[in-house]
Amino acid sequence: MKLSVRDLAAAERADLAALLKSLTAEQWRVPSPCDGWTVRDVVAHMLSYDELGLTGLARRFARGHLHLDQANALGLADFADCTPRQLLDLLDRCITPRGLTRGFGSRIALLDAMVHHQDIRRPLGMPRDIPGKRLVPALNFARMAPPIGARQRIHGLRLVATDLDWAAGEGLDVMGPAEALLMAIAGRHGVAEELDGPGAATLRERTGP
């Protein structure tokens with residue numbers, strides 16, 4: 001049976017929840033690739049948007065003067081007093097996407113969970129094999145998702161996964177594992193070092209060291 005994107009997003013969130021339950025208190029405090037955020041902050045950020053609908057989102061962005069970074073900071077502040085245990089309880093209650101994360105056929109939930117899942121795993125040195133059936137819709141959506149801001153980052157480049165059947169874009173080839181392509185599309189610093197091809201240097205310049 002073919003799974004819906006909503007099902008794939010729920011599976012990704014469930015995998016993330018399982019990982020988080022295995023972490024020590026010290027691991028929750030490890031810095032993530034998101035500037036200034038620990039693993040705990042990444043989880044809090046995810047959950048800070050989970051209960052928002054369009055009205056709640058508009059209010060948060062209004063409070064943040066229409067700047068994404070400020071809106072993110074406001075959401076993080078709202079969850080500042082939550083312990084890891086409380087964050088886990090919240091995540092357990094919203095494994096199936098709801099609210100804002102159901103947008104674009106739950107692609108927001110899938111992409112958000114997958115990128116932040118890797119934001120947690122990468123600094124902890126805990127790689128995994130991500131199912132291709134989840135990676136492909138996440139890669140496709142990442143190229144156009146407004147918060148990712150990938151349009152200029154990947155302009156003039158053809159992205160080619162070497163570990164599954166996926167390619168997108170036109171221009172100089174950038175080749176590598178699908179997970180690394182996803183994280184580079186999302187603008188994570190240093191990930192483009194894991195990619196090859198004539199367009200890799202351009203992507204490295206655009207994402208930073």
Side-chain angles (χ1 to χ4, degrees), residues 8-50 69 72 76 79-80 82-92 94-95 109-139 141-142 145 147-148 150 153-154 159-164 166 174-197 200-201 203-209:
L8 298 176
E12 182 68 17
R13 284 172 169 233
D15 285 351
L16 174 57
L19 168 69
L20 294 173
K21 290 171 185 176
S22 75
L23 300 185
T24 65
E26 183 179 359
Q27 286 173 316
W28 278 83
R29 295 191 292 268
V30 168
S32 81
C34 305
D35 291 343
W37 288 4
T38 63
V39 165
R40 181 221 165 270
D41 295 333
V42 172
V43 179
H45 161 72
M46 282 183 57
L47 293 169
S48 76
Y49 281 94
D50 211 70
D69 287 347
N72 286 341
L76 203 58
F79 284 74
C82 289
T83 66
R85 179 69 262 172
Q86 290 171 323
L87 293 174
L88 278 172
D89 288 342
L90 286 170
L91 181 56
D92 279 340
C94 58
I95 291 296
L110 176 62
L111 177 61
D112 187 62
M114 188 174 293
V115 169
H116 289 315
H117 195 161
Q118 297 310 112
D119 283 335
I120 293 167
R121 283 184 174 272
R122 277 176 164 264
L124 293 177
M126 301 174 71
R128 63 171 176 147
D129 292 325
I130 307 173
K133 61 187 176 184
R134 295 184 207 169
L135 268 166
V136 168
L139 283 163
F141 186 56
I148 295 291
R153 195 174 300 129
I154 62 175
L159 310 174
V160 183
T162 55
D163 54 352
L164 55 79
W166 183 85
V174 179
M175 300 170 290
E179 184 269 349
L181 286 171
L182 177 67
M183 299 304 283
I185 292 170
R188 296 303 187 263
H189 300 320
V191 178
E193 296 290 342
E194 303 170 25
L195 304 172
D196 296 309
L203 187 57
R204 284 194 288 271
E205 290 175 2
R206 294 174 180 176
T207 55

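In this text the structure is predicted, and so the values were computed from the model without any measurement.
- Contact check for Leu110 versus Phe141: no side-chain heavy atoms found under the 4.5 Å cut-off.
- For Arg153, the side chain to side chain donor-acceptor pair (under 3.5 Å) test picks out no residue, with sequence neighbours left out.
- Counting all heavy atoms, side chain and backbone alike, Ala180 lies closest to Val191 at O-CG1, 3.3 Å.
- At a threshold of 4.5 Å between non-hydrogen side-chain atoms, the residues Glu179 and Arg122 count as touching.
- Aromatic ring pairs are classed by plane angle as parallel below 30°, tilted from 30° to 60° and perpendicular above 60°; the pair Trp37 and His45 is tilted.
- Looking at every heavy atom in both residues, Leu182 comes nearest to Ala138 through CD1-O, 3.9 Å.
- Using a 4.5 Å heavy-atom cutoff, the side chains of Cys94 and Arg13 are in contact.
- A donor-acceptor contact shorter than 3.5 Å is absent between the side chain of Glu193 and the backbone of Gly190.
- At a threshold of 4.5 Å between non-hydrogen side-chain atoms, the residues Leu16 and Val43 do not count as touching.
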Checking salt bridge (Lys or Arg N to Asp or Glu O under 4.0 Å) for the pair Asp15/Arg121: CA distance, chi angles, key distance, verdict? CA-CA 12 Å; Asp15 285 351; Arg121 283 184 174 272; over 6 Å; no
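- Considering every non-hydrogen atom in both Gly176 and Asp163, the closest pair reads O-OD1, 4.4 Å.
- The nearest pair of heavy atoms linking Gly132 to Pro137 is O-CD, 4.5 Å.
- Within the 4.5 Å cutoff, the side chain of Leu195 has no heavy atoms near those of the Arg204 side chain.
- Each of Arg29, Met126, Arg40 was checked for a side chain to side chain contact (heavy atoms under 4.5 Å, CB included) with Leu23, and the lone residue meeting it is Met126.
- Here the straight-line distance linking atom OG of Ser22 with atom CD of Gln27 works out to 6.5 Å at 0.5 Å rounding.
- Pairing each heavy atom of Ala113 with each of Met46, the nearest pair is CA-CE, 4.0 Å.
- Note that OG1 of Thr83 and CG of Leu88 are 8.5 Å apart. Values are rounded to the nearest 0.5 Å.
- Judged by distance alone, with hydrogens and angles left aside, the side-chain atoms of Asp89 form no donor-acceptor pair with the main-chain N or O of Gln86 at under 3.5 Å.
- Considering all non-hydrogen atoms of both residues, Leu20 and Trp28 come closest at O-NE1, 3.6 Å.
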Walk me through whether Ile154 and Arg206 qualify under side-chain contact (heavy atoms from CB on, under 4.5 Å). CA-CA 8 Å; Ile154 62 175; Arg206 294 174 180 176; 5.6 Å; no
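- In this structure, the separation between OG on Ser48 and CG on Leu90 is 11.0 Å, given to the nearest 0.5 Å.
- Side-chain contact between Gln118 and Ile130: present, with at least one pair of heavy atoms (C-beta onward) separated by less than 4.5 Å.
- To the nearest 0.5 Å, atom CG of residue Leu124 and atom CG of residue Leu19 are 7.0 Å apart.
- The pair Arg188-Glu194 fails the salt-bridge criterion, with no side-chain N (NZ, NE, NH1 or NH2) lying under 4.0 Å from an Asp/Glu carboxylate O.
- Side-chain atoms of Ile148 and Leu111, non-hydrogen and from C-beta on, do get closer than 4.5 Å to each other.
- Two residues are said to be in side-chain contact when any heavy atoms from C-beta on lie closer than 4.5 Å; Leu135 and Met114 meet this criterion.
- Once rounded to the nearest 0.5 Å, the distance linking CD of Glu12 with CD1 of Ile95 reads 10.5 Å.
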